[in-house]
> 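Structure provided below as structure tokens; questions to follow.
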Amino acid sequence: MTSLPILRGLLHTRSGPLGTELERSPGPSGIGQVPRRLVPEGLMRSACGFCGTGCVLEAHMKDGEAVNIAPRAEGHVNLGRACPKGWEALSVLEAPDRATRPLVRRQGRLRETSWDDAARTFTTEMKAILDKHGPESVAFLSTGQIPMEEMAFLGAFAKFGMGLVHGDGNTRQCMATAVVAHKRSLGFDSPPFTYADFELAKVMVFVGANPCLAHPILWERVLKNPHDPTVVVIDPRRTETAMAATEHLPVAPKGDLALLYLVARRLLELEAVDRDFVAAHTEGFDAFVSFLAELDEQDLLTRTGLPRERIDGLAETIATGERVAFFWTMGVNQSFEGVRVAQAIINICLMTGNIGRPGTGPCSLTGQANAMGSRIFSNTTNLLGGRDFQNPDHRAHVAAELGIPVGRIPAQPSDAYDQILESVLSGRTKALWYIATNPAHSWISQPDFRDVLGRLDLLVVQDMYTTTETAELADIVLPAAGWGEKDGTFINSERRIQRIRKLRKAPGEALADFHIFQLLAEYWGVGDLFREWSSPEAVFDILRRLSGGQPCDFTGIDGYRQLEEAGGIQWPLRPGEKLESHERRLFEDGRFFRPNGRALFEFEAPRKLPEAPCSRYPTTLLTGRGSTSQWHTQTRSSKSEVLRALAPEEAYVEINVTDAKALRVVSGDSVIVRSRRGRVRVKAVVTPAVAPGQVFMPMHYPETNQLTLASFDPYSREPSYKACAVHLESAAGHPREARRPGSRHDRRI
Ligand code: SF4
């Protein structure tokens, strides 16, 4: 191996001056070159690294280190506000369990080692598996949490360098449904709205979304709306947003598709169709009308659990609304029929002409900070730039842009996440490489998932902390820098590309994921393929080129400097196009991204619940975000004392007052919740916010996914986290069991 000088260069860079970035390399390795200062002392701006809202934060720099952080007062996104996670973004970097040195499992224990040893072990073990079992035997699973440049580097190295076929990300768990719905209906994964629409809409319909808690800064923009909008919430629970809304429709769990079809039918009866728009810009409307006419109204009403008048009332509100916008998040996406629900929302927008105009549109709100960047550049199911692995022209174009042999680009797309896990069970996949995600907490139906991990020959985890449920099971842990310790870009929910900045040094020997990929490429022996990938800014230039000619074309952005000066730029910005407005929406000309320029009405009859309540498991378990201060598996948010203090420490289940009485429990009592997969003991919270026969558990506690059912949308392969059948009983009389350790199995390398 000739990689030791490169390693020394990376470790030197890691401890180099703050506010610096590597010069684009003229040298042989592109690594370890002279750093240049990008931003001096004072204030440094960076988009937040938690959710897809993309709030801009301002760090106060002293002696080259960020000492404090606050929301930026100007700009186009957060208008001077941040939620508690943004305010605490720096403190989560200071945790004592940060991964500071590589770890390799030997004699059953994870032991500290050098980067050289870790990179050699990674390379030797992975190559041995690939040599023995072929290119489909190793897969990577990444995240919407790392910058676009790192994500693209990972996808390019894994597929074009290592020769892997399969790789997916935790964005499968949140946004895959919206992606597929956009692609099928609009021709590209293209949320059309801009955040200004929160302040322009006159009717706002939130479906399976609780922005008061999950997207609080966007909810603040609803509160700033000067048009006194009618706000309707469609959700089984009386969420914080439902309480604040004009109207709450407490639809039965997964009755949303039936409800939206009933609304569409009523809109037809009211003749509230924008016939000119439909005729000029869409396809499939007549078939949609025939489909709706054939549906059994009583069956649809039963599925919604709502009286007809409530649904008719919503249709009338939409029919008379001048500017109607629909917003959706995980209540729609994380469903066994989520794509059809998202398309049902898009269908209503299309038939009423509520798209491409201010204050309108189907608006999918993103979960993770860079989920949108992942959707375009992760190189997993789509080839870089939203292209198609199966299309030879697309492969040739990407190969030419990157200067690599076209034969290095696989001619098949990756399997989806659940299919990769299935292939571990079938014996095809032997090794997984996880980057910045914690699936041993977050993946659906943990008992099944632990079985999958137990069958692997090799599990590599690359993350900021050594104590995540997944890192503790790994064979190799690669210590990574976190948000705030590296440079790059994120794309937020409204397609805005924003800079993220290095505000602090990473601890110990932790490296930016970008540098880890550079290092592994050298040890793998394919460093020459990635000479141009010498810094995040150099990769941004590559990605700009790769976006050319695609709907997401941003070749008109000069580079990082223009992004910083503009405070973020929404794609597209085509070559020669001037940035005339900071609030740009898609489809203003009614031309969509499908080959014929028309949006498509697509639809399908509602399906059965994968696991309906029954006499043994009579209660429906709903899941979702529990508080603004908690983030996903709490890998980061639990590291902040402030954020911990703002949320319950122990797992809990919300139970309706009537059900609690029948169970003889009050708030604070322990209850046992059982599903066909598992059994957990949690605290009861008695509340009228959930309906009788339903309970709610936040996703942030590991107990929740002990219960959930592994079922998936057939089109997006997104897990259906939101409705499975459980049984509840008081824990009185049940002895407390010792918590099962998360051990995988002893392993020697
Ligand atoms: Fe960060 Fe999202 Fe909170 Fe804004 S709303 S500060 S982007 S976590």
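Reckoned from all heavy atoms, side chains included, excluding hydrogens, waters and symmetry mates. Remember, it's 1-based here, ligands and their atoms both numbered in the order they're listed. Source: prediction; values computed, not measured.
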> By ring-ring contact (aromatic ring centres under 6.0 Å, His included), which residues pair with His215, not counting sequence neighbours?
none
> Which protein N, O or S atoms does atom 1 (Fe) of ligand 1 have within a distance shorter than 2.8 Å?
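Checking every protein N, O and S atom gives Cys48 SG.
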> Ring centroid separation for Phe140 and Tyr434, is it under 6.0 angstrom?
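When the ring centroids of Phe140 and Tyr434 are compared, they turn out to be at least 6.0 Å apart.
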> Salt bridge or not for Arg375 and Asp189, using N-O below 4.0 Å?
yes
> Does the structure place the NZ or CZ of Lys639 under 6.0 Å from the centre of the six-membered ring of Tyr465, at an angle of no more than 45° from the ring's axis?
yes
> Taking only residues at least two apart or on different chains, which pairs with a member in residues 198-210 satisfy side chain to side chain donor-acceptor pair (under 3.5 Å)?
Glu199-Arg221, Lys202-Glu322, Asn210-Glu240, Asn210-Thr241
> Pairs of donor and acceptor atoms involving the side chains of residues 78-88, under 3.5 Å and at least two apart or interchain, shall be tabulated with distances.
unit_1: Asn78; atom_1: OD1; unit_2: Val56; atom_2: N; d: 2.8
unit_1: Asn78; atom_1: ND2; unit_2: Val56; atom_2: O; d: 3.0
unit_1: Asn78; atom_1: ND2; unit_2: Arg81; atom_2: O; d: 2.9
unit_1: Arg81; atom_1: NE; unit_2: Glu220; atom_2: OE1; d: 2.4
unit_1: Arg81; atom_1: NH1; unit_2: Leu79; atom_2: O; d: 3.3
unit_1: Lys85; atom_1: NZ; unit_2: Thr628; atom_2: O; d: 2.6
unit_1: Trp87; atom_1: NE1; unit_2: Ala82; atom_2: O; d: 3.3
unit_1: Glu88; atom_1: OE1; unit_2: Ser91; atom_2: OG; d: 2.7
unit_1: Glu88; atom_1: OE1; unit_2: Ser640; atom_2: OG; d: 2.8

